[in-house]
Protein chains: 2
Amino acid sequence: MNDEQLKQILREFDLKVTKVRLCVLDLLLQSRIAMSHSQITDALEAFELDKVTLYRTLNTFVEVGLAHKVATDERNWLYAIYSEDVQQHNHQHEHHESPHAHFICEACDKIYCFPIEEKQIDLKKAELEGFSIKQHEIRLHGTCPVCK
Amino acid sequence: MNDEQLKQILREFDLKVTKVRLCVLDLLLQSRIAMSHSQITDALEAFELDKVTLYRTLNTFVEVGLAHKVATDERNWLYAIYSEDVQQHNHQHEHHESPHAHFICEACDKIYCFPIEEKQIDLKKAELEGFSIKQHEIRLHGTCPVCK
DNA sequence: ACTATAATGCAACTTAGTTGCAATAATTTA
DNA sequence: TAAATTATTGCAACTAAGTTGCATTATAGT
């Protein structure tokens with residue numbers, strides 16, 4: 001994606017255009033998998049990103065609904081951007097995330113994101129009385145094509 | 001649950017019977033929600049549990065398949081025991097966890113566990129080619145009956 | 001180009017969890 | 001029931017991930 005397109009995305013989310021935001025946005029848009037702070041630092045080594053600035057950049061992306069984050073079992077966070085979310089963004093900031101599944105590979109620990117159908121989950125409904133569900137996420141554990 | 005029953009459970013999972021394990025097991029069996037290290041420490045204040053010992057106890061429970069843990073968005077872990085898992089325990093140690101949903105209350109941050117039907121998840125299947133799914137977990141976000 | 005405001009980068013800090021090791025307690029065997 | 005064996009406990013020190021405060025620098029609107 002070219003520089004002007006990236007800038008346009010930032011502006012659509014009411015974010016100022018900065019070097020850090022541009023390169024992080026570009027990387028996340030290209031990545032098929034959700035990335036951790038340290039993966040991003042490594043991938044963007046040439047930019048010599050400051051640790052704190054990167055955390056703040058990622059959190060900003062999440063706050064405005066441009067990216068989303070997943071907590072892993074290793075107690076850190078992975079960040080990802082759905083190109084769908086970027087395209088469907090509306091300016092009323094009602095970003096109730098589109099439902100998605102995260103596939104977690106047991107071999108390489110990578111997390112792949114998949115958009116999924118907006119669908120009911122088949123629970124023992126009696127047990128869920130009184131719980132109002134606003135959003136859901138599905139986590140799949142297994143082996144990814146690369147590791148198989 | 002009485003002391004003898006608790007001891008019996010520990011023995012079934014090849015764990016030695018100790019004071020710490022008994023009181024933690026008792027608490028988790030009673031709890032409807034998954035509990036964090038600090039919640040457990042508070043609830044069992046009278047026992048003055050050592051921080052490290054409690055972490056090790058919880059991890060041991062998870063390793064042998066007696067309990068399971070959930071990573072939260074606040075990057076800590078919650079621990080829970082399903083009475084079902086305890087009852088269905090087999091001694092071959094093939095504890096592939098039964099599928100379950102976690103309901104995360106946005107208001108009080110409590111996590112409730114629900115067993116769910118062993119069911120296929122309706123994904124855009126084309127996108128999942130090459131990924132072999134061994135286990136899945138569903139996360140529901142919303143408001144619990146207490147906070148509503 | 002000037003100004004107001006927001007983002008950046010550094011140091012110090014916090015929080016959750018881990019490691020090493022000596023002391024203690026639980027089970028096995030005699 | 002006592003001794004021996006082995007696993008668990010408790011303390012101190014440590015690590016890893018992320019946060020806070022603040023001075024400096026860059027962005028966007030006039």
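Keep in mind it's a predicted model, so treat the numbers as computed, not measured.
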Query raised in the report: Distance-only, no hydrogens or angles: does the B/H37 side chain make a donor-acceptor pair with backbone N or O of B/K51 under 3.5 Å?
Result: yes

Query raised in the report: Measuring from B/L78:CG to B/I33:CD1, what's the distance to the nearest 0.5 Å?
Result: 8.0 Å

**Report entry** Separation of C/dA16 P from A/D73 CG (nearest whole Å)
**Finding:** 18 Å

Report task. State, to 0.1 Å, how close B/I40 and B/M35 come at their nearest heavy-atom pair, and which atoms those are. Result -> CG1-CB, 3.7 Å

Query raised in the report: Rounded to the Å, how far apart are B/D14 CG and D/dA7 P?
Result: 12 Å

Query raised in the report: Should B/R11 and B/E4 count as an ion pair when the cut-off is N to O under 4.0 Å?
Result: yes

**Report entry** Between P of C/dT15 and CH2 of B/W77, the distance in whole Å
**Finding:** 18 Å

**Report entry** Phosphate OP1/OP2 of C/dA7: any A/R21 side-chain N/O under 4.0 Å
**Finding:** yes

Report summary line: Taking for A/R75 and for A/V20 the nucleotide of DNA chain C with the nearest heavy atom, the one nearer the 5' end belongs to A/V20

**Report entry** Cluster link B/V70 to B/L140, ILVMFWY, side chain under 4.5 Å
**Finding:** no

**Report entry** Residues touching DNA chain C, which here means a heavy atom under 4.0 Å, drawn from residues 44-60 of chain A
**Finding:** A/D50, A/K51, A/V52, A/T53, A/R56, A/T57

Query raised in the report: Which atom pair, heavy atoms only, marks the closest approach of A/L6 to A/L25?
Result: O-CD2, 3.6 Å

Report task. Specify the separation, in whole Å, of atom CG of A/N76 and atom P of D/dA16. Result -> 12 Å

So which protein nitrogen or oxygen atoms get under 3.5 Å of nucleotides 26-30 of chain D's nitrogens or oxygens?
from: D/dA28; atom 1: OP1; to: A/V17; atom 2: N; distance (Å): 2.9

Report task. Measure the distance from CD on B/Q39 to P on C/dA16 and round it to the nearest whole Å. Result -> 12 Å

Requested in this report: Establish whether A/F61 and A/L54 are linked, either directly or via other cluster members, by ILVMFWY side-chain heavy-atom contacts under 4.5 Å.
Outcome: yes

Query raised in the report: Is the A/F103 ring parallel, tilted or perpendicular to the B/F131 ring (thresholds 30°, 60°)?
Result: perpendicular

